[in-house]
Amino acid sequence: MLKIDGISKHFGGLPALEEVSFNCREGMTTALIGPNGAGKSTLINCIAGSLFPDAGVIHFQNQRIDGLPPHQRPYLGISRTFQNLALFPRLTVLENVLTGLTPEAEQSFVKSLLRLPATRHRERLLRLKAMAMLDNFGLTDKARWPVSILSYGDRKRVEMARALVSGPRLLLLDEPVAGLNSAETARIGAEIRRLHGAGLTILLVEHDMDLVMSVSDHIVVLDGGRLIASGAPEEIRTNPRVIEAYLGRMSVTA
Ligand SMILES: Nc1ncnc2c1ncn2[C@@H]1O[C@H](COP(=O)(O)OP(=O)(O)OP(=O)(O)O)[C@@H](O)[C@H]1O
Ligand SMILES: [Mg+2]
């Protein structure tokens with residue numbers, strides 16, 4: 001479904017990604033792991049369109065997408081969350097989730113300019129959709145709270161709700177449980193498994209190996225911008241190169 005082919009990206013002459021290639025299969029959860037600075041977020045940004053790769057090609061459902069600007073992504077069916085949250089702090093929880101419906105909301109806005117009678121009905125539908133998603137994440141009671149007063153865990157869930165409200169086909173998650181306690185992490189893990197069960201294709205960047213091992217069908221490992229391994233969770237867990245570059249170092253620091 002997603003085909004990453006020879007992607008390279010440099011920042012000021014320093015390589016962040018070097019000829020990275022792998023595929024995400026439809027309906028599968030693929031994890032992208034590796035040490036800090038390995039290039040994981042850079043790759044997510046290239047897929048999401050907020051960065052243009054210097055070389056290589058990205059196809060999504062047989063369409064080349066690496067040259068398309070980020071605002072085209074929702075139309076394609078690609079949604080994302082950000083490693084460093086990117087919510088609008090002064091808007092309410094509900095308004096933030098509504099921003100995830102941009103393509104539909106824009107159509108509704110154009111119609112409202114034309115004063116078409118269906119508009120108010122349409123806006124109500126969008127709100128209902130957003131409220132249903134908030135309910136899914138246990139955020140109904142906080143729908144009218146400004147995001148700025150929410151706990152970090154709640155903000156992480158608002159980000160996921162915003163990414164999911166448009167009904168994407170591909171979900172890019174950049175460290176969805178970083179900074180969360182174990183109960184909150186378990187809740188996000190259950191949500192990822194539910195989405196997987198519903199057939200969504202997911203690319204997950206995460207350092208929490210318990211989560212990665214429990215939700216992934218396939219794991220891709222980056223180190224220093226290069227792909228060093230790719231395989232099933234059990235293969236990756238025991239791969240000497242991955243242990244040396246990443247997993248071994250983690251257990252030493254843990
Ligand atoms: N906008 C930028 N300008 C300059 N250098 C950047 C930029 N974004 C990333 N880098 C550099 O590119 C490399 C890869 O960074 P990236 O954020 O993709 O790593 P990561 O694998 O997501 O790490 P982490 O696990 O810490 O989030 C790092 O050396 C980083 O300093
Ligand atoms: Mg990152």
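We count ligands from 1, going down the list as the structure has it; atoms in each ligand are counted the same way. This one's a predicted model, so the numbers in the text were calculated from it and none came from an experiment.
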Notebook entry, point to check: Any heavy atom of Gly34 sitting closer than 4.0 Å to ligand 1?
Noted result: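 Under 4.0 Å: no for Gly34.
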Specify the protein heavy atom at minimum distance from [atom]: its residue, its atom name, and the distance to 0.1 Å.
atom                    : answer
atom 14 (C) of ligand 1 : Gly37 O, 3.4 Å
atom 26 (O) of ligand 1 : Asn36 ND2, 2.9 Å
atom 3 (N) of ligand 1  : Phe11 CD2, 3.5 Å
atom 17 (O) of ligand 1 : Ser41 CB, 3.8 Å

Note to self: Regarding Glu159 and Arg162, does a basic nitrogen lie under 4.0 Å from an acidic carboxylate oxygen?
What the structure shows: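 Yes, Glu159 and Arg162 are salt-bridged.
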Check: Are the charged groups of Arg194 and Glu191 less than 4.0 angstrom apart, N to O?
Finding: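 Between Glu191 and Arg194 there is a salt bridge, with a charged N closer than 4.0 Å to a carboxylate O.
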Check: Hey, are Ser8 and Asp54 close enough side-chain-wise for a donor-acceptor pair under 3.5 Å?
Finding: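 No, Ser8 and Asp54 have no side-chain donor paired with an acceptor closer than 3.5 Å.
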Check: Has Gln83 got an N, O or S atom lying less than 2.8 Å from the Mg ion (ligand 2)?
Finding: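 Under 2.8 Å: Gln83 contacts the Mg ion (ligand 2) through an N, O or S atom.
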Notebook entry, point to check: Checking only N/O/S atoms, does Thr42 have one that is under 2.8 Å from the Mg ion (ligand 2)?
Noted result: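 No, since none of the N, O or S atoms of Thr42 sits under 2.8 Å from the Mg ion (ligand 2).
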Checklist line | Test item: Thr30 side-chain N/O and Leu203 main-chain N/O as donor-acceptor pair under 3.5 Å | finding: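 No: the side chain of Thr30 does not pair with the backbone of Leu203.
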Item checked: Criterion side chain to side chain contact (heavy atoms under 4.5 Å, CB included) against Met131, the qualifying member of Val165, Asn136, Leu94 ->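 Answer after filtering Val165, Asn136, Leu94: Leu94.
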Item checked: Proximal candidate to atom 20 (P) of ligand 1 [heavy atom criterion; set Lys40, Glu206, His207] ->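 Considering heavy atoms of Lys40, Glu206, His207, the nearest to atom 20 (P) of ligand 1 sits in Lys40.
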Checklist line | Minimum non-hydrogen distance to atom 18 (O) of ligand 1, winning option of Val205, Thr42, Leu14 | finding: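 Going through Val205, Thr42, Leu14 one by one, Thr42 has the nearest heavy atom to atom 18 (O) of ligand 1.
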Note to self: Would you say CZ of Arg127 has more than 12 non-hydrogen atoms from neighbouring residues, nucleotides or ligands within 6.0 angstrom?
What the structure shows: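 Result for CZ/Arg127: open.
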Check: Does a sphere of radius 6.0 Å around CZ in Arg25 hold more than 12 heavy atoms from other residues, nucleotides or ligands, not counting ones at 6.0 Å or beyond?
Finding: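 12 or below, so no.
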Notebook entry, point to check: So, is Ala38 polar-close to ligand 1, with some N/O to N/O distance under 3.5 Å?
Noted result: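 Yes.
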Checklist line | Contact (N/O only, under 3.5 Å) between Ala16 and ligand 1 | finding: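 In this structure, Ala16 places no N or O atom under 3.5 Å from an N or O of ligand 1.
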Note to self: Against the six-membered ring of Phe82, is Arg80 placed for a cation-pi contact (under 6.0 Å from the centre, within 45° of the normal)?
What the structure shows: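 Yes, cation above the ring, under 6.0 Å and within 45°.
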Check: Is atom 31 (O) of ligand 1 close to the protein, meaning a heavy atom under 4.0 Å from it?
Finding: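 Under 4.0 Å from atom 31 (O) of ligand 1, zero protein heavy atoms found.
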